Every structure is written in structure tokens, then in C-alpha cells.
Amino acid sequence: MAANGSPRLDEAMRRLLAELRLVFHVMENPRLLHEPFVERNRALLELLEAGRAEEAAAFLEAYLDDAEQLLIHAYDPNR
């Protein structure tokens, strides 16, 4: 990482990635989490390449909200 020049941001990202690895480890099938986002990654890239930054930002916000909900549901021990 370290490309951003912020040790605090680097540390936060390192911790987040470690937590995500733990979630993926307890999931029965991590592919079910990742697969739906492949096309969304492509769509986000197309928006960015087209210079449609505001649309890309809104798309990314919804994307991250959906990803958060999927992770919460996947890690919920009561499901």
C-alpha cells in the first residue's frame, strides 16, 4: 500500500483487509459473494473511463452498501 502517503490510512486498510480475509474464511462459498460483483466492477470501470465521475461515485456508493450488507449477512451466526 503506502502509495497514499498516510500511515494511518495504510494501517486502517491493513486491518480492514485482515477482517475481510477472516469473513471470507468462514463463508461456505466465498465465490457466491465475489461473483455478482465482477460485472459491477466492469460497469464502474466503464463509468470512470468515460469521465462520468458523479455517476461513478453514486454507483460506487450503492456498490459498497450492497457489499457491506452481503458481508454482514454472510458473517451472521444466526442465519
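Values below: all heavy atoms of this structure, side chains included; hydrogens, waters and symmetry mates excluded. Please read these numbers as outputs of a predicted model, since none were measured by experiment.
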If you measure from CZ on Arg42 to CG on Leu44, what distance do you get to the nearest 0.5 Å? 12.0 Å
Give me the atom names and distance for the closest heavy-atom approach of Pro36 to Arg31. CD-O, 4.3 Å
Phe37 versus Asp66, closest heavy-atom pair with distance: CZ-C, 4.4 Å
Quick one: does Leu47's side chain get under 4.5 Å of Leu60's, heavy atoms only? no
Salt bridge or not for Glu11 and Arg8, using N-O below 4.0 Å? no
Taking atom CD of Glu61 as the centre, report whether more than 12 heavy atoms of other residues, nucleotides or ligands fall under 6.0 Å from it. no
Would Leu20 end up clustered with Met13 when hydrophobic side chains under 4.5 Å apart are linked, directly or stepwise? yes
Any idea which heavy atoms bring Arg40 and Tyr63 closest together, and the distance? NH2-CA, 3.2 Å
In Å, rounded to the nearest 0.5 Å, how long is the span from CD of Glu19 to CZ of Arg14? 10.0 Å
Is any side-chain heavy atom of Val38 closer than 4.5 Å to a side-chain heavy atom of His34? no
